[in-house]
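Take a look at the structure set out below.
To find a chain, count down the sequence lines: A is the first, B the second, and so on, and within it residues start at 1.
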Amino acid sequence: MLDRDLIRNHPDLVRSGIARKGLEAPIDAFLSVDLERRQVQTELQEKQAEMNRISKSIGMLMGQGKKEEAEAAKAQTKDLKEAISAGEGRQRDLDARLRDIELDFPNLPHDSIPNGKDENDNVVVRTWGEKPEFAEQPQPHWDVAERLGLLDLPRAAKISGSGFALYTGLGARLQRSLFSFMIDHQTSKNGYYEVYPPYLVNRASLIGTGNLPKFEEDLYKADDDLYLIPTAEVPVTNLYRDEILNGEQLTLKLAGYSGCFRREAGAAGKDTRGVLRIHQFDKVEMVKFTKPEDSYDELESLVADAESVLRALGLHYRILELCAGDIGAKGAKCYDVELWSPGVGRYLEISSCTNFEAYQARRANIRFRRAQGDKPEFVHILNGSGLACPRLFSAILETFQQPDGSILVPEALRPYLGTDRIS
RNA sequence: GGAGAGGUCGCAUAGUGGUCUAGUGCGCCGCACUCGAAAUGCGGUGUGGGGCAACUCACCGAGGGUUCGAAUCCCUCCCUCUCCGCCA
């Protein structure tokens, strides 16, 4: 959601910002419904004020025992009552329409982000490490995993369907090691407060983060009006929905491990091998709640926090600044962390670190107060993966292949995995 | 799943149809008193919307309803607590 005053007073600015993303927004519909809503409200309130006056006087007359005068006053409320009832109905309707329109608005891109149409226009801002050298072409992770008994994809397909992974033996333990290591790393090294959230959330939470109403087809829906989370971003961001935070607590940094569930609708045929794109995966997610003036500094350190995991593991990666056309509807500015995958021969996205500014905060009504007595303001919210497990799993299998076919385990993982070598 | 109790202004409480546009206490802010502080006294102290403004409207878990008038009565739902049942 955007600031209503901004849309009302600077519709062209909003229009051009959204056009930069290659998107559209119902600006004209907003303006006309908004105007009508305010007219109806003003009219309605005059009638309500009149009704309140009459009702109050009836109460006083009754108290004084003036029954007849009270009855006379009652008689004059009939038309008013009908008008109020009709006005309330109209306003309810207009409120709901305006809300629907507002929820449909994409966020505005930050001025600093590059123009561009799609992922080809993203900008590499830095790389770390180097592509590892191999005497022979390294195997892709699906071959390594099969050879070493770390994955059983046929059985995953049998028990669940295509697009699910069954990790086995040391493969299973490697998964568990990865998210244990990462959540420890983010909490102890980078200062995040650990949370472990529910995997099923209600509609209000998904509206808060911007997944609903627009992207329903990406989600798995359970009964009882609950949805499986596509990322821990959803429950963790909604921790403070409808709350006013103390400005002194900000910046608030939370990190949570969770399973993630995505239908990947529309992604059929893309990255289908191995565990590159699956319906269920594990991830550590970082979420920050900041004051508006701090959010861009916090975005830089958020990316650094995501990167620090890869550095600790010794994996080569690069950082992309997403262009306006590739950033998506919700973000104002976004960096992708892309991990080099020697077996696949491509950089693969493993984290997306985004500043949403006040976009999610407005949807979820999350505010803060600078000091006692100050007006509440919307916080800025940021999040980023720190990191996603399957692609980390695959990059480790591919990057640390040894000539004898075994995998040399990165130092940082050895205490978790209980071995320095997978063979 | 069954039975019961309950959800009121930061916290605690009062309020069971009309001076409740919600009282009181605590907390907090301002002022007074004081060298300073405590104590005391006085005043203030929620959120959102509309209006240039004076001002006004809505909100007592949520949503409907009855009524001239609802925190208060009725209906549906949500949440919390207690007991029972079931269960990892």
Side-chain angles (χ1 to χ4, degrees), chain A residues 1-9 30-103 196-208 212 222-227 235 238-250 252 259 358 360-379:
Chain A
M1 257 155 64
L2 302 177
D3 182 6
R4 283 187 183 180
D5 278 331
L6 182 71
I7 308 174
R8 287 200 275 248
N9 300 328
F30 173 88
L31 292 173
S32 75
V33 173
D34 176 59
L35 185 65
E36 188 183 353
R37 190 191 75 93
R38 282 182 292 162
Q39 287 167 343
V40 166
Q41 178 168 338
T42 303
E43 217 173 286
L44 170 64
Q45 287 185 354
E46 281 168 16
K47 295 194 175 81
Q48 285 172 323
E50 174 67 10
M51 182 66 108
N52 286 345
R53 271 193 291 278
I54 296 174
S55 291
K56 200 163 204 172
S57 74
I58 291 174
M60 275 163 60
L61 292 169
M62 298 285 276
Q64 294 162 8
K66 298 177 181 171
K67 272 249 161 78
E68 280 178 30
E69 287 176 54
E71 287 304 321
K74 275 191 200 181
Q76 68 183 117
T77 61
K78 192 165 179 290
D79 289 348
L80 251 188
K81 200 189 174 189
E82 277 172 24
I84 287 172
S85 168
E88 283 172 343
R90 272 184 83 193
Q91 188 168 19
R92 233 194 322 269
D93 176 54
L94 289 165
D95 278 340
R97 274 169 62 192
L98 195 64
R99 173 84 177 161
D100 286 347
I101 290 168
E102 269 187 315
L103 290 177
Y196 179 64
Y199 286 12
L200 289 165
V201 295
N202 54 33
R203 285 187 62 84
S205 292
L206 287 154
I207 287 170
L212 288 180
D223 283 339
D224 303 320
D225 225 13
L226 292 169
Y227 294 79
N238 279 280
L239 243 62
Y240 301 113
R241 173 151 49 84
D242 293 321
E243 292 190 32
I244 299 174
L245 303 172
N246 180 349
E248 286 166 22
Q249 310 174 259
L250 301 180
L252 221 51
Q360 291 184 321
R362 282 202 184 83
R363 298 175 76 104
N365 191 31
I366 302 174
R367 294 169 295 170
F368 77 102
R369 219 188 290 275
R370 288 182 188 275
Q372 186 152 22
D374 286 350
K375 279 275 164 208
E377 300 171 51
F378 288 109
V379 296

Using the test salt bridge (Lys or Arg N to Asp or Glu O under 4.0 Å), find all partners of E50(A) that sit at least two apart in sequence or belong to another chain. R53(A)

Between R369(A) and rU47(B), does any side-chain N or O lie under 4.0 Å from OP1 or OP2? yes

Using whole Å, what does the distance between atom P of nucleotide rG48(B) and atom CZ of R99(A) come to? 15 Å

Rounding to an integer number of Å, can you tell me how far R90(A) CZ sits from rG49(B) C1'? 17 Å

Write down the partner of rA37(B) under the Watson-Crick or G-U wobble criteria, each distance required to be under 3.5 Å. none

Name the pairing partner of rA5(B), where a pair is Watson-Crick or G-U wobble with both distances under 3.5 Å, or state none. rU80(B)

Go ahead and name the base partner of rA54(B); Watson-Crick or wobble counts if both distances stay under 3.5 Å, otherwise write none. none

Let me know the distance between CG of D374(A) and P of rG46(B), rounded to the nearest Å. 13 Å

Send over the distance from E71(A) CD to rG18(B) P, rounded to a whole Å. 17 Å

Check this for me, if you would: do D95(A) and R99(A) make a salt bridge, where the nitrogen-to-carboxylate-oxygen distance has to be below 4.0 angstrom? no

Sugar-phosphate means primed atoms, P, OP1 and OP2; the rest is base. With that split, encode nucleotides 50-70 of chain B 5' to 3' as B, S or - using protein heavy atoms under 4.0 Å. SS----BBS-----S---BS-

When both hydrogen-bonding distances must be under 3.5 Å and the geometry is Watson-Crick or G-U wobble, what is rC11(B) paired with, if anything? rG25(B)

Where the side chain of T42(A) meets the backbone of R38(A), is there a donor-acceptor pair that is under 3.5 Å apart? yes

Let's test this: given Watson-Crick or G-U wobble pairing with both distances under 3.5 Å, identify the partner of rG69(B). none

Whole angstroms only, please: what is the CG-P distance between D3(A) and rG48(B)? 13 Å

Whole-Å distance between rG49(B) C1' and K375(A) NZ? 11 Å

Ion pair R8(A)/D5(A), N-O distance below 4.0 Å: yes

Between S55(A) and N52(A), is there a side-chain donor-acceptor contact under 3.5 Å, judged purely by atom types and distance? no

With a 4.5 Å cut-off on side-chain heavy atoms, are Y227(A) and N202(A) touching? no

Tell which nucleotide pairs with rG85(B), taking only Watson-Crick or G-U wobble pairs whose two distances are both under 3.5 angstrom. none

Gap between atoms CG and P, on D224(A) and rC77(B) respectively (whole Å): 14 Å

Within the 4.5 Å heavy-atom criterion, are Q48(A) and E88(A) side-chain neighbours or not? yes

Base-pairing mate for rU16(B) - Watson-Crick or G-U, with both contacts under 3.5 Å: none

